[in-house]
Amino acid sequence: MTTSPTASGGVGDVLGMFRTQSSLTRADVMEQTGLSRSTVNQRLDALLAAGLVVPSGEGTPTGGRPASRFTFNRSRGVLLVADIGATGMRTALCDLRGTVCHESERTIDVADGPQSVLTAAQEMFAALLRTAGRTPAEVYGVGIDVPGPVDFGTGQVVSPPIMSGWDRYDIPGWFAAHYDCPVLVDKDVNAMAFGEQRTVHPDVPHLLMVKAGTGVGAGLILDGHVHRGADGAAGDIGHIPVHVADADDEPVCRCGNTGCVEAYAGGWALVRDLRAAGLDVTTVDDAVTLIRTGNVTAVRLARRAGRILGGAIADSVSLFNPRVVVVTGQLVRIEEQLFAGIREMVYKRSLPLATRNLQIVPTRLEARAGLVGLALLLADGIFAPARVEQLMLAG
């Protein structure tokens, strides 16, 4: 990867080059930035002294002595991330590039409240640090995602439908008692979308991630960046109201309204409707298993859920014109029924200009998407050019 030459590359911009490329020589940095030799030497010497860049061997000879190469010191510290779902939590320890090194998983109930869930997360973090032979002092950042709306500026969850006791809870403040570092909190689907785009679809700047699990939500990547909206509420397609012709009454949603997409197409809604039909299901996984066995009632409800979800996705495609729609969550396991309904509605309702190059695909990262996305978001924030100099001074 190369960049357009610029004479304004500060030490943070130079570090950014090393973060996105395997290794560089001083001459490479001069060529890609347009900076003078003395300025490049100054920037690189500062990064070497801070331990953020380290030697990586010799470069290719060009007639004289081989040029020394340098690389980003991804092992200088670690990142801790936790992907918190409605019924389970995955945690990981990552290097400073955002690569997952160690991970663990635990069953939880997010409705037990922040104290219980965050205590479990901290226990898992401590175990990961022990496994990696690292200490809390080496943690550069903590990333948390949750299945609810997040005010990204404060890291607080705002009026979450399924997260009892979490409203306005100070998640960053809770972790401040354990780690002296930045704490990032985001909506789970935002992290998933970012992870999928950066690692699976890096050449696609406009992507829509739809989570169809216990609930329904979406994350938007616009111009390669997470689009959270003015207050962090972007992507809440699960609570778009819909009219379903064959429904006797509009079902009550977990948000308190009636007739939401999630109230028909969410995993919990499928469980509700299957139980009402006299079928023995308790969890979303039970519903998925029943659908996959070909039960007529279960398949009919799954296809209806796909069409309803597809209508909401069609509206999003018309509004944001993504190149790729990625579907994740437990219901991806019923791909045949779910994707048939989604594609039917998207190609029926969205204009040809918005769909002629559109791909609708299942997740490739699967359950790790949230962890990967959190780590990458966290690394980008910590090593943003404006923060690098402050980080170096702290040291």
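Just so it is clear, the model here is predicted, and its values are computed rather than measured.
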Exam field: side chain Arg90 to backbone Asp83, donor-acceptor pair closer than 3.5 Å = no
query = For the side chain of Arg272 and the backbone of Ala263, is there at least one donor-acceptor N/O pair under 3.5 Å apart?
reply = yes
note = CD (Gln337) and CZ (Arg307) are apart, to the nearest 0.5 Å, by 11.5 Å
task = State whether the number of non-hydrogen atoms from other residues, nucleotides or ligands found under 6.0 Å of Arg364 atom CZ is greater than 12.
result = no
query = Is it the case that more than 12 heavy atoms not belonging to Glu336 sit under 6.0 Å from its CD atom?
reply = no
Ion pair Arg254/Glu262, N-O distance below 4.0 Å = yes
ask   = Will you find, in the side chains of Thr91 and Ser104, an N or O donor that is under 3.5 Å from an N or O acceptor?
value = yes
query = Do Ser116 and Thr119 have side-chain N/O donor and acceptor atoms under 3.5 Å apart?
reply = no
request  = Spell out, as yes or no, whether a donor-acceptor pair under 3.5 Å connects the side chain of Asp95 to the backbone of Ser75.
outcome  = no
request  = For the pair Gln122 (side chain) and Phe175 (backbone), establish whether a donor and an acceptor sit closer than 3.5 Å, ignoring hydrogens and angles.
outcome  = no
message = Is the ring pair Phe125/Tyr179 parallel, tilted or perpendicular, if the boundaries are 30 and 60 degrees?
response = perpendicular
ask   = Are there more than 12 heavy atoms of other residues, nucleotides or ligands under 6.0 Å from atom CG of Asp231?
value = no
task = Give the ring-plane orientation class for Phe320 versus His227, where under 30° counts as parallel, over 60° as perpendicular and anything between as tilted.
result = tilted
ask   = For Arg74 and Thr99, does a side-chain donor sit closer than 3.5 Å to a side-chain acceptor?
value = yes
ask   = Are the side chain of Asp13 and the backbone of Gly10 linked by a donor-acceptor contact shorter than 3.5 Å?
value = yes
task = Go through the side-chain N and O atoms of Gln156 and Asp170 and say whether any donor and acceptor fall under 3.5 Å apart.
result = no
message = Less than 4.0 angstrom from a charged side-chain N to a carboxylate O is my criterion; do Asp380 and Arg198 meet it?
response = yes
task = Give the ring-plane orientation class for Trp174 versus His178, where under 30° counts as parallel, over 60° as perpendicular and anything between as tilted.
result = tilted
message = Between the side chains of Asp236 and Lys187, is the shortest nitrogen-to-carboxylate-oxygen separation below 4.0 Å, so that they form an ion pair?
response = no
query = Within a reach of under 6.0 Å around CZ of Arg323, are more than 12 heavy atoms found that belong to other residues, nucleotides or ligands?
reply = no
query = Sub-3.5 Å donor-acceptor pair from the side chain of Gln32 to the main-chain atoms of Val29, do we have one?
reply = no
task = Say whether Asp45 and Asn41, considering side chains only, have a donor N or O and an acceptor N or O under 3.5 Å apart.
result = no
task = Determine yes or no for a side-chain-to-main-chain donor-acceptor pair under 3.5 angstrom, with Arg292 supplying the side chain and Arg333 the backbone.
result = yes
request  = Indicate yes or no: does Asp273 engage Arg304 in a salt bridge with an N to O separation below 4.0 Å.
outcome  = yes
query = More than 12 heavy atoms of other residues, nucleotides or ligands under 6.0 Å from CZ of Arg134: is that the case?
reply = yes
key: His206 side chain to Asp223 backbone, donor-acceptor under 3.5 Å   = yes
ask   = Does Ile360 offer a backbone N or O that forms a donor-acceptor pair with the side chain of Arg343 under 3.5 Å?
value = yes
